[in-house]
Every structure is written in C-alpha cells, then in structure tokens.
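Some notes on the structure that comes next.
All chains are named by letter (A, B, ...) in the order of the sequence lines, taking the proteins before the strands, and each is independently numbered beginning at 1. Scope of the values below: all heavy atoms of this structure, side chains included, with no hydrogens, waters or symmetry mates.
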Amino acid sequence: MKKEFYITTTLPYVNAEPHVGFASEIVLADVRARFERILGKEVIFNTGTDEHGLKIWQKAREAGVEAQDYVDEYAAKFDDLKEMLELSYTNFIRTTDENHKKAAQELWKRVDDNGYIYKKQYKVKYCVGCELEKTDSELVDRYCPLHPGKELEIIEEENYFFKFSALQDKLLELYKNNPEFVVPNKRFNEIKSFVERGLEDFSISRLKTKMPWGVPVPNDDDQVMYVWFDALTNYISTLGWPGNQENFEKFWGTVDAPNAIQIAGKDNLRQQSAMWQAMLLAAELPTSKQVFINGFIGVDGQKMSKSIGNVISPTEMVENFGIDGTRYLLLTKGTFGEDNDISWEKMTAKYNADLANGLGNLTSRVIKLSENLNLEIEKKEIIFDEASIKLVESFDLDKVLENIWLIVREDNKYIEDTKPWELAKNNEDEFKKVMKKLIEDLNFISELLIPFMPETSEKIKKALETKERVILFERMR
RNA sequence: CGCGGGGUAGAGCAGUCUGGCAGCUCGUCUGGCUCAUAACCAGGAGGUCGCCGGUUCGAAUCCGGCCCCCGCAACCA
C-alpha cells in the first residue's frame, strides 16, 4: 500500500469571511488527514486561498487599498481557522505566492504546447450604469437588475480559450475507468451527463487593461489568466510542481496511479471534477484519484444568506460550542453529500444531548467513581476496524461517531445495571471489575476520538490519569 | 419536454442501488435511580413512507403517471 496520502480542500475566494460550509469541508478533510496519519501514512493536507480576479480587484479599489494588502489581510483570516478549529493541514497555498504563479504559467504553457489553447473573440455584455460586465445569469429579463430597461452594450475582446470540448472523450473515459471517481454517485451522474451533453470551450484570460489582478499569461503582456485557470493549479503548485517532480509524484501520484483526494462543495462539481481534470489531461499530467462533493448547509430550511440575515459563522460556533463541540456538530449535521440543515436551536440540543449529557457526563461519572481506585488499565492497540475504515474513506464520519457513541450508551446502561456506587461499599472485587471495564472503555473512546476531537481525547486521557474531575462540555441552558 | 435533488412520527434524518416485521436521534408521556454536568436507565404514545396506478406471494424500495418544495442553468469562488 502506498505510504503517502494527499488531500486538498478547495481554496476559498477571499472576498468574504470564512463560511461555515467551508469550515465543514475543511474539518472533514482534517479528520481524514489525521486518520491517515494514524494508519501510518505520510500526509500532505493542502488548503489555502484563492486571491486573484475581478471581484477582489474591485473590492480592494473600493476599500482604497492595494490588492495585495487586501488579500494579505483576508488570507490571514483564513489561516486563523487552523487554530480556531484545530486543523492539521500541512500546506497553506496562496495563489499570489510566487511559486504558485510560476506553476500556473507552466501549466498554461504545457496545455498550450499540446494545442488546447487558442485565441478567440469574446463577447461580453456590459452595463453602462454599473460600468461592469454582466453574465447572462445575472440578468433579469435581459436587463441588468440594477438598471432595468437600459440596453446592455456588447463589447468584444480577444481572449484565450481552453479547448474544453476537445477533452470530452478523455473525460468520459476517465469516468468510465474510475467508477467511484466522484462521490456521491448522484453527483457523479450529474457531471457525467453534463459532459455527455457536450462541452463548450471557455475563456481563460482577461485583458490586463481591464483587470490586471491576475497571473500574467506567458508570452502575452496584454492578458492575465482568468481566475479559475490560475486557482485550480494550486493543488499541484503546493507540491512544488513543476520544480519538485519527486514530491509531485509521491503525493499527487502518476498517470498510472493517481493519489490525490479532493473535497469540495457541490457548487464546485464542474470545476473540480470536469474543468480541472480536463486541464490536467490537456497537460498530460495525472488526474485526481477521487473527488468528494459535499452538499450545502441551510438554516431552518432556508438558504443561508446575508440578505435573510441567518448566517452562522464558524467563529460564532466556536464561541458557543468550543473547538471540539464545533467539530462534532459539523461532522454530525447529516449525511455526507446531502444538503444539511442546521440552526442554533438544533445544534444546542445536539450539543447538550451528545456532548454534555452523553460523553461529558459519562466521563464525570467514571472519574468520580474511580477516584480512590488504582487499577492497571489495559491499553487497547487496535484503533479502527475494517468497517470503520471504509466509512472514513467514504467520509461517512457521522456514522463512525455514531458507533463510538454506542459505547457511551452501553456504558451508561452498564453503570445503571451494576450500580458500582453500591458495590464500592459491599463488594470490592466486583467493584474493581466493573470499574476496570468502564475505564478501559473510556480510554478506548479517547483513542477513537483522536482524529475527530483531538482536544477532548487528550482531556479524557488526562482525567483518567489524574482522577481529577473535568467538565468536558459545559451544559448549555 | 433544460439539468439535478428532495417529500418517511411533533422536529431533524437513515433505510431506496441489492423488494422481506418501518428504524435512529431529539422532543413528549409514565416509571426507576442518585455515582454523575437537573445528568443516567427502562417502558409507552405517536407514521395511509407526497398522491394515483402497475409488477410481485410480498413495495418506502422496482415500473408508469401526477402534485408539491429546493438548488443549478456554464465562464458566477
């Protein structure tokens, strides 16, 4: 079995505060990364920030600051997530990093050398009122929603295009040869039918005079790369590609044995499982091994949005539930790949039931009962069984946690049945026997929790050692 | 006939691929317990599985039709 493991999240675009959907994505990746380390793999866990493009350029100008200063500030905010959610990522790539820009240019050259890039007239609709380009999807009734009735101008400019259409067969072959290339299956079906319907080439550059905030196109001073082409390259630039070929093959893999696991939200299905793979194929590089597509998070049945005012941020969650509480809630909010629904009310209920009353209270009970005992504990070596490993590999982490919580229930019942507080008074031997099982179970739980809730795992171990009472999760009103 | 997802107990969901007693968590009701974070344990109530039809010994599950809700519709992270 290969000893190296590679996983990457998508790179969030730095024009807003970190979104809880991204927090969920990166926590899932974190658990997987920690898990693979336990299995003895050398892990590269990549994340970072996507920092080029029109929106950022505009925002920086509005704020009256240099674009680089603007993205520096935001990139730091995203890097803060590491501490906030106790993440174990090894790489944090920024698309404004010099080595990344060079990699993006090299990828461009290879795609170009293989004949997949050409120049074409590109028509854009331009709203004079906003002084902005508008896409069809932004229009309402053929007009700009901010300036209804005002005819849009058609501007033509020459852009570079990527021959996405020429990669259709290769993509379909990739999908055919890898029946689990995209998970869950329904998303795989979606992208397959999208590709089968036929692909259109897309523009991958912008005129520098209009939008200079991007990676310069090789051998053309007038154009910069369109943000997607640049940003997607991060997954390999983070490995030192193209300079460090050895590292690249070790982690990203080879054409015969791809090794990269990607995780993304469903809004990224096309970009990650079709566009990016097509770019790799065009450059004759190995594709990803597997792309996991997560659903969206809604609040009380509604879309989470600023205009509705129901946004739940990861920062607020950590303030309320702590690091591991937040990790637990994000991991157990529902089935991977489905849209999940959250709310403060539901999260508080789950937090109280599972963490405070469940694991937390059990720990208190056991610690208190074992206060005056000195027992030899058998440390269990086995961490996860085959079934659990399978669940982790398909990101069904909620089910793994559910199984761990079965032990919590079982032990609560065991305490109820054996009444150790009575045994302590009249049956020393039996008391020791009962406590031995409970302590071993709790120790076992703490082992199992390492990838999911590293801090809690440590706290339980420490409590078992020192016999000092500990409130793992304060009950909420 | 644009593409896709969903409709299962008061709430949130699993189960549908591969047909076999309708399940989980929360809430609720009743009882028990006192080691523990007003925590814990047991038992109960609660569902025409969106609707109609078909296949089958048997359908939440397979097939056909319909209704309702929600995303996306390509260069938008």
Side-chain angles (χ1 to χ4, degrees), chain A residues 10-16 19 22 49-56 95 122 124 133-138 159 161-162 164 184-187 189-191 193-194 197 199-206 226-229 231-232 264-272 274-275 295-296 298 300-303 332-335 337-343 345-346 348-350 352-371 396 398-399 402 405-406 408-409 411-424 435 438 469-476:
Chain A
T10 52
L11 299 198
Y13 201 60
V14 290
N15 66 343
H19 189 276
F22 177 67
T49 40
D50 178 6
E51 309 185 357
H52 287 123
L54 183 65
K55 287 200 173 164
I56 286 166
T95 58
Y122 172 52
V124 266
E133 289 177 16
K134 296 282 166 179
T135 60
D136 284 338
S137 56
E138 284 178 297
N159 280 170
F161 275 70
F162 175 57
F164 198 28
N185 203 256
K186 64 182 178 189
R187 297 268 102 90
N189 290 336
E190 196 175 329
I191 198 66
S193 66
F194 167 72
R197 254 177 281 143
L199 300 172
E200 276 179 36
D201 298 345
F202 58 89
S203 155
I204 51 171
S205 74
R206 288 292 182 271
Y226 179 63
V227 63
W228 273 116
F229 194 94
L232 290 167
K266 69 179 184 182
D267 54 333
N268 258 271
L269 176 66
R270 284 178 194 176
Q271 292 86 334
Q272 306 304 331
M275 288 161 65
F296 278 169
D300 271 329
Q302 282 183 303
K303 190 173 170 175
T332 58
K333 64 188 166 24
T335 310
E338 300 293 329
D339 286 353
N340 297 148
D341 199 69
I342 63 171
S343 70
E345 200 188 341
K346 274 181 278 189
T348 303
K350 193 160 181 60
N352 279 336
D354 295 357
L355 299 178
N357 301 349
L359 180 63
N361 184 49
L362 177 70
T363 304
S364 289
R365 298 178 91 176
V366 174
I367 296 299
K368 173 75 182 183
L369 285 165
S370 65
E371 240 170 13
D396 289 318
D398 55 320
K399 298 192 175 65
E402 223 175 276
W405 254 255
L406 287 180
V408 174
R409 282 167 191 279
D411 282 355
N412 267 326
K413 182 168 165 51
Y414 184 69
I415 294 176
E416 212 65 34
D417 291 347
T418 55
K419 302 193 194 314
W421 58 92
E422 282 179 12
L423 295 175
M435 290 314 297
L438 288 172
R469 277 191 66 208
V470 59
I471 300 289
L472 294 179
F473 302 96
E474 200 80 49
R475 196 186 149 82
M476 297 177 74

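Residue Lys346(A) contributes atom NZ, which lies 21 Å from atom P of C24(B) at whole-angstrom precision. Computed from coordinates, the Glu422(A) CD to U34(B) P distance equals 6 Å when rounded to whole Å. Taking atom CG on Leu199(A) and atom P on C3(B), their separation rounds to 17 Å, with Å as the unit. Atom CD in Glu402(A) sits about 8 Å away from atom C1' in U25(B), given to the nearest Å. Separating the CD atom of Gln271(A) from the P atom of A74(B) is a distance of 12 Å, rounded to the nearest angstrom. Whole-Å rounding puts the Gln272(A) CD to A74(B) P distance at 19 Å.
The nucleotide whose nearest atom lies closest to any side-chain atom of Arg270(A) is, among C3(B), A39(B), C72(B), C72(B). Distances were taken from every side-chain heavy atom of Lys266(A) (C-beta onward) to each of G71(B), C75(B), C41(B); the shortest belongs to G71(B). When distances run from any side-chain atom of Asp341(A) to the nucleotides A36(B), C40(B), G12(B), the shortest one goes to G12(B). Of the candidate nucleotides C26(B), A77(B), C13(B), A77(B) has the atom lying nearest to any side-chain atom of Tyr13(A). Side chain of Asn361(A), nearest nucleotide from G71(B), C40(B), A74(B): C40(B). Nearest to the side-chain atoms of Arg206(A) among the listed nucleotides C35(B), A77(B), C75(B) stands C75(B). When distances are taken from the side chain of Phe194(A) to each of A39(B), A74(B), C35(B), the shortest belongs to A74(B). Taking only side-chain atoms of Lys413(A), from C-beta outward, the nucleotide of A77(B), A42(B), A14(B) with the closest atom is A42(B). Residue Trp421(A) places its side chain closer to U34(B) than to any other of U34(B), A77(B), C75(B). The side chain of Lys186(A) lies closest to G5(B) when the candidates are A77(B), C35(B), G5(B).
Under the 3.5 Å distance criterion, the side-chain polar atoms of Asn352(A) are matched with a main-chain donor or acceptor of Met476(A). Using a distance-only test at 3.5 Å, with no hydrogens or angles considered, no donor-acceptor pair links the side chain of Trp421(A) to the main chain of Leu369(A). Panel note: side chain Asp339(A), backbone Gly295(A); no donor-acceptor pair is recorded below 3.5 Å. Looking only at distances, a side-chain donor or acceptor of Ser343(A) sits under 3.5 Å from a matching main-chain atom of Lys346(A).
Look at Thr335(A) and you'll find a side-chain N or O under 4.0 angstrom from OP1 or OP2 of A14(B). Put simply, Arg197(A) has no side-chain N or O that comes within less than 4.0 Å of OP1 or OP2 on C3(B).
For the pair Lys55(A) and Tyr13(A), the cation does not sit on the ring face, since its NZ or CZ is not both under 6.0 Å from the ring centre and inside 45° of the axis.
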